Amino acid sequence: MSHNTILENQKRQPLDHLDSVWLFGYGSLIYKADFPYLQRKPARIHGWQRRFWQGSHDHRGTPEHPGRVATLIEAPAESCVGMAYEVTPDVFAHLDHREKNGYLRFFTEFEWLDNDGAVEGLVYVAGPDNAAYLGQASEADIAEHIAGATGPSGPNSEYLLKLAEALRELKVNDPHVFAIESALQALPSRRLG
Ligand code: SIN
């Protein structure tokens, strides 16, 4: 599969007949909302965990030296907290472009953190069959990798550090993200965003 997913996403889910759509963000979509939204609320999805296993050729790295960014990995006993946004369907033109490096959108259920309600919405997931996928590595190795990568959106370290800060604000304990953050901050040559 090509790592540019724009056309595939447009084909799999035409959204124009809807007044609004919920989007679940678990990576940079938590802290960088560079799109208009009607409302946003912290939410959780079940059966997935956040992992820095996706390569970034277009934001936090280059095709020659990809960065490492977040994707979701299926994990039936786990859940992942993030931020949900209610957006109008036209916003997906921007989102599909932003998430084009291997991410496909899926409908799934999110549960609100502050009450018992739930809603169906979209989430972008970069699966193991996409061309930019890097896969599992130790948190220490991921930190080394992140420290050495930069791309058009800025240093890869900035992505990780901003996500860790946003998760702390949401009062989320994500051992994977915080272990990478600690390892990154312990590196003598770290590049802070
Ligand atoms: C997301 O944040 O939900 C997807 C991955 C990213 O854009 O960082």
Side-chain angles (χ1 to χ4, degrees), residues 1-63 66-74 79-114 117-134 151-154 156 158-160 162-163 166-167 170 172:
M1 185 178 77
S2 153
H3 59 258
N4 185 333
T5 53
I6 292 180
L7 287 177
E8 199 172 336
N9 275 325
Q10 285 167 355
K11 272 190 268 165
R12 56 199 268 127
Q13 280 145 356
L15 302 170
D16 289 343
H17 60 292
L18 300 170
D19 290 334
S20 70
V21 185
W22 281 96
L23 164 74
F24 179 82
Y26 55 87
S28 65
L29 286 171
I30 297 183
Y31 65 79
K32 187 178 175 189
D34 60 351
F35 49 88
Y37 55 86
L38 304 169
Q39 56 171 323
R40 72 172 169 183
K41 287 159 63 157
R44 173 186 285 116
I45 56 174
H46 288 285
W48 297 92
Q49 64 188 4
R50 186 174 11 240
R51 287 291 178 265
F52 272 75
W53 292 3
Q54 173 63 7
S56 176
H57 296 180
D58 57 346
H59 285 297
R60 301 295 179 164
T62 61
R68 266 192 182 260
V69 291
T71 187
L72 291 178
I73 305 297
E74 282 193 75
S79 63
C80 176
V81 174
M83 186 63 79
Y85 301 85
E86 187 183 16
V87 299
T88 51
D90 55 301
V91 171
F92 281 88
H94 168 72
L95 291 168
D96 287 347
H97 185 266
R98 172 172 162 169
E99 304 298 326
K100 68 184 182 307
N101 193 199
Y103 292 85
L104 292 175
R105 35 172 153 101
F106 296 85
F107 270 106
T108 190
E109 189 178 89
F110 331 145
E111 193 179 88
W112 304 126
L113 284 198
D114 62 356
V119 72
E120 279 271 312
L122 286 168
V123 58
Y124 286 92
V125 178
D129 59 343
N130 85 84
Y133 192 75
L134 293 175
S153 297
N156 202 174
E158 181 186 51
Y159 179 111
L160 183 281
K162 284 195 167 175
L163 178 58
L167 292 176
L170 286 171
V172 176

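It should be emphasised that the depicted structure is a prediction, and the values quoted were computed from it without experimental measurement. Start at 1 with the first residue, then count along the sequence.
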Exactly one of V69, N156, T62 should register a side-chain contact (heavy atoms from CB on, under 4.5 Å) with S56. Which one does? V69

If you compare all heavy atoms of G61 against all heavy atoms of P152, which two are closest, and at what distance to 0.1 Å? O-CD, 3.6 Å

Which is it for L134 and R68 under the side chain to side chain contact (heavy atoms under 4.5 Å, CB included) test, yes or no, and what are the steps along the way? CA-CA 8 Å; L134 293 175; R68 266 192 182 260; 3.6 Å; yes

How close do E158 and S153 get, heavy atom to heavy atom, and via which atoms? OE1-O, 3.8 Å

How far apart are the closest heavy atoms of G25 and I30, and which atoms are they? O-CG1, 3.4 Å

Any side-chain heavy-atom pair of L72 and I45 under 4.5 Å: yes

Verdict with supporting geometry, K162 and K32, side chain to side chain contact (heavy atoms under 4.5 Å, CB included): CA-CA 9 Å; K162 284 195 167 175; K32 187 178 175 189; over 6 Å; no

Do F92 and V87 make a side-chain contact, defined as non-hydrogen atoms from C-beta onward lying under 4.5 Å apart? yes

Parallel, tilted or perpendicular: which describes the rings of Y31 and Y159, with under 30° parallel and over 60° perpendicular? perpendicular

Cut-off 3.5 Å, side chains only: do Y124 and D96 have a donor facing an acceptor? yes

For the residue pair N130 / Q54, report whether a side-chain donor-acceptor contact shorter than 3.5 Å exists. yes

Look at atom NZ of K41 and say whether more than 12 heavy atoms of other residues, nucleotides or ligands are closer to it than 6.0 Å. yes

If you define the side chain from C-beta out and look only at heavy atoms, does anything of L15 sit under 4.5 Å from L122? yes

Option passing side chain to side chain donor-acceptor pair (under 3.5 Å) with R105 (candidates E99, Q13, Q10): Q13

By the definition side chain to side chain donor-acceptor pair (under 3.5 Å), identify the one residue from T5, N9, D58, N4 that meets it with K100. D58

After noting the C-alpha distance and the side-chain angles of M83 and L29, does the key distance pass the side chain to side chain contact (heavy atoms under 4.5 Å, CB included) rule? CA-CA 8 Å; M83 186 63 79; L29 286 171; over 6 Å; no

W112 to P42 - nearest heavy-atom pair and separation: CE3-O, 3.8 Å

So salt bridge (Lys or Arg N to Asp or Glu O under 4.0 Å) across residues 9-29, not counting sequence neighbours, yields none

With sequence neighbours excluded, tell me which residues meet side-chain contact (heavy atoms from CB on, under 4.5 Å) with L38. S20, E86, T88

Could you check if a side-chain atom of L160 sits within less than 4.5 angstrom of a side-chain atom of F52, using non-hydrogen atoms only? yes

For E74, give me all partners under side-chain contact (heavy atoms from CB on, under 4.5 Å), at least two apart in sequence or on another chain. W48

Side chains of R98 and S28: is there a donor and an acceptor less than 3.5 Å apart? yes

Heavy-atom pair of closest approach, residues R50 and L167: NH2-CD2, 3.7 Å

Are there over 12 heavy-atom neighbours, none belonging to H94, within less than 6.0 Å of that residue's NE2? yes

Please find the pair of heavy atoms, one from L18 and one from P89, that lie closest to each other, and give the distance. O-CG, 3.0 Å

Tell me if the aromatic rings of F110 and Y26 count as close, with their centers under 6.0 Å from one another. no

Supply the atom-to-atom distance W22 CH2 to F107 CZ, rounded to the nearest 0.5 angstrom. 13.5 Å

From CA spacing to verdict: side chain to side chain contact (heavy atoms under 4.5 Å, CB included), Q49, C80: CA-CA 5 Å; Q49 64 188 4; C80 176; 5.7 Å; no

Using only atom types and a distance under 3.5 Å, with no angle test, would you say the side chain of T71 pairs donor to acceptor with the backbone of W53? no

